[in-house]
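Notes for the one structure printed next.
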2 protein chains.
Amino acid sequence: MSPQLRQHFEKITPLSDQEFEYISTHFVAKKFKKHQFLVQEGVPVPNDFFVIKGLVKASFTNDENKEHILQFAMEDWWVCDYQAYFNKTNATLNVDCLEDTEVLCLSLTNREKLCAELHKIEHFFRRKSNSGYIALQQRILSLMNSDAKGRYESFLKQHPTLFQRVPKTLIASYLGVSRETLSRLSS
Amino acid sequence: MSPQLRQHFEKITPLSDQEFEYISTHFVAKKFKKHQFLVQEGVPVPNDFFVIKGLVKASFTNDENKEHILQFAMEDWWVCDYQAYFNKTNATLNVDCLEDTEVLCLSLTNREKLCAELHKIEHFFRRKSNSGYIALQQRILSLMNSDAKGRYESFLKQHPTLFQRVPKTLIASYLGVSRETLSRLSS
DNA sequence: ACTTTTGTGTGACGTATGTCACACCATTAA
DNA sequence: TTAATGGTGTGACATACGTCACACAAAAGT
């Protein structure tokens, strides 16, 4: 199985060959084409996804059919509708591919099994979750504190790669601005 | 030590008397008066706080002296500047008391020690962090999807207690709206 | 090769919300 | 008792941003 996953774990905790081999049996590789859905609103969410290759977005679409992007995920990112995943409810988000993408799927059962069996893994996921929490707090601050231009610029700074790979329409929807406003900012 | 903390842990994982007794030696009780700071911008943040009694706010103040509230915390809530705490940097947030409050302090060292020694505790904090993450995602969606009125109403629904204990000026600053706009909403 | 879809710019206009100003009351401190 | 502080309402006005409309080009699908 992908050495990418191992490297990813080992940024936080070292693993023996056996340990990693054991861990990797709990993941399932899958491929998706552009426009395919990893998670679809209204249906259960058995898996969390670790992106090996490609690019996806996680988004919420409201009653007026306006889409708000919660997250992009490219190589080495995790993505899911975590609310639905952890609470075993139906998804309220969609996760779909902006490019052809390859992922490793981790079912909730396998995740909890690994966490229970290997303290290291529980530690890993705690650390991941902590960082995620902090990042979201930053995002909230940026939504409250900065105007469209400020958010646009700090996105550009923090995610130059995404900025190139993602259409601006979607970046607008990630930043919480209309497509038109974003367009006027860059000109 | 406070049975409140034990109950709080046991919502997620059962503990023996000895276990809890051991755990509790890692916490330090402290009392603060209204207007005192638990965390102050620019200084290190050695502790995370579990609120036993009282009410605090965690906020960011920008260059124009505008305050944005990231979180309120009352009984049974955890509060901190987690970015500074986990990364051992200086605080960018302030945490201060809206009421006289009693907390249990958990240093980063003790937290990591407990997590390493007791798998249960690492599990506890992973679960906590996961829920926190999900809650912040919801908040982001609400900032992007709802207008002032919508956010105000869902805050009222979700936190009727806070609504009573917290001045509306501060609720406004939590919701990302001006004091005046919020005032006009309720009338 | 043709059509459809996707991405992007730009003008005109409406509106939700911010800002500034002032007034009033309740509470706390001196 | 007075003064200072904190919380709230409300009017007048400014503005950032959304919405709708149209145009055009590039990419994708047939």
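A, B, ... follow the sequence lines: proteins, then strands. Residue 1 opens every chain. What's counted below: heavy atoms across the whole structure, side chains too, no hydrogens, waters or symmetry copies.
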So, under a plain 3.5 Å distance rule, would you say the side chain of B:R184 forms a donor-acceptor pair with the base of C:dT19?
yes
Is there a donor and acceptor pair closer than 3.5 Å between the side chain of A:R179 and the base of D:dG18?
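Donor-acceptor pair under 3.5 Å: no.
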Quick one: [X] [atom1] to [N] [atom2], roughly how many Å, whole number?
X      : N      : atom1 : atom2 : value
B:N65  : C:dG18 : CG    : C1'   : 17 Å
A:E67  : C:dT6  : CD    : C1'   : 14 Å
A:E99  : C:dG7  : CD    : P     : 12 Å
B:L98  : D:dG7  : CG    : C1'   : 13 Å
B:K168 : D:dG7  : NZ    : C1'   : 10 Å
A:M144 : C:dT17 : CE    : P     : 16 Å
A:L175 : D:dA16 : CG    : P     : 18 Å
B:L182 : C:dT19 : CG    : P     : 14 Å

It should be established whether B:T169 places a side-chain nitrogen or oxygen under 4.0 Å from OP1 or OP2 of nucleotide D:dT8.
yes
Under 4.0 Å from OP1 or OP2 of D:dG18: is there any side-chain N or O of A:T181 that close?
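Answer yes for this pair, as a side-chain N or O of A:T181 is under 4.0 Å from OP1 or OP2.
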Here's a test of your reading of the structure: between A:E180 and A:D147, which maps to the more 5' nucleotide of DNA chain D?
A:D147
Go through C:dT17, C:dT8, D:dG9 for me and flag the one nearest to the B:S183 side chain.
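Looking only at heavy atoms from C-beta outward on B:S183, the closest nucleotide is D:dG9.
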By nearest atom, which of the nucleotides C:dG9, D:dG11, C:dG18 is closest to the B:K66 side chain?
C:dG18
On the 0 to 90° scale, with breaks at 30° and 60°, tag the [X]-[Y] ring pair as parallel, tilted or perpendicular.
X      : Y      : answer
B:Y85  : B:Y82  : perpendicular
A:H8   : A:F50  : tilted
B:F125 : B:F9   : perpendicular
B:Y152 : B:F163 : perpendicular

Is the terminal nitrogen or CZ of A:R139 (NZ for Lys, CZ for Arg) located under 6.0 angstrom from the six-membered ring centre of A:Y174 and within 45° of that ring's axis?
yes
Assign each of B:K34 and B:A148 to its nearest nucleotide of DNA chain C by heavy atoms, then name whichever residue's nucleotide is nearer the 5' end.
B:A148
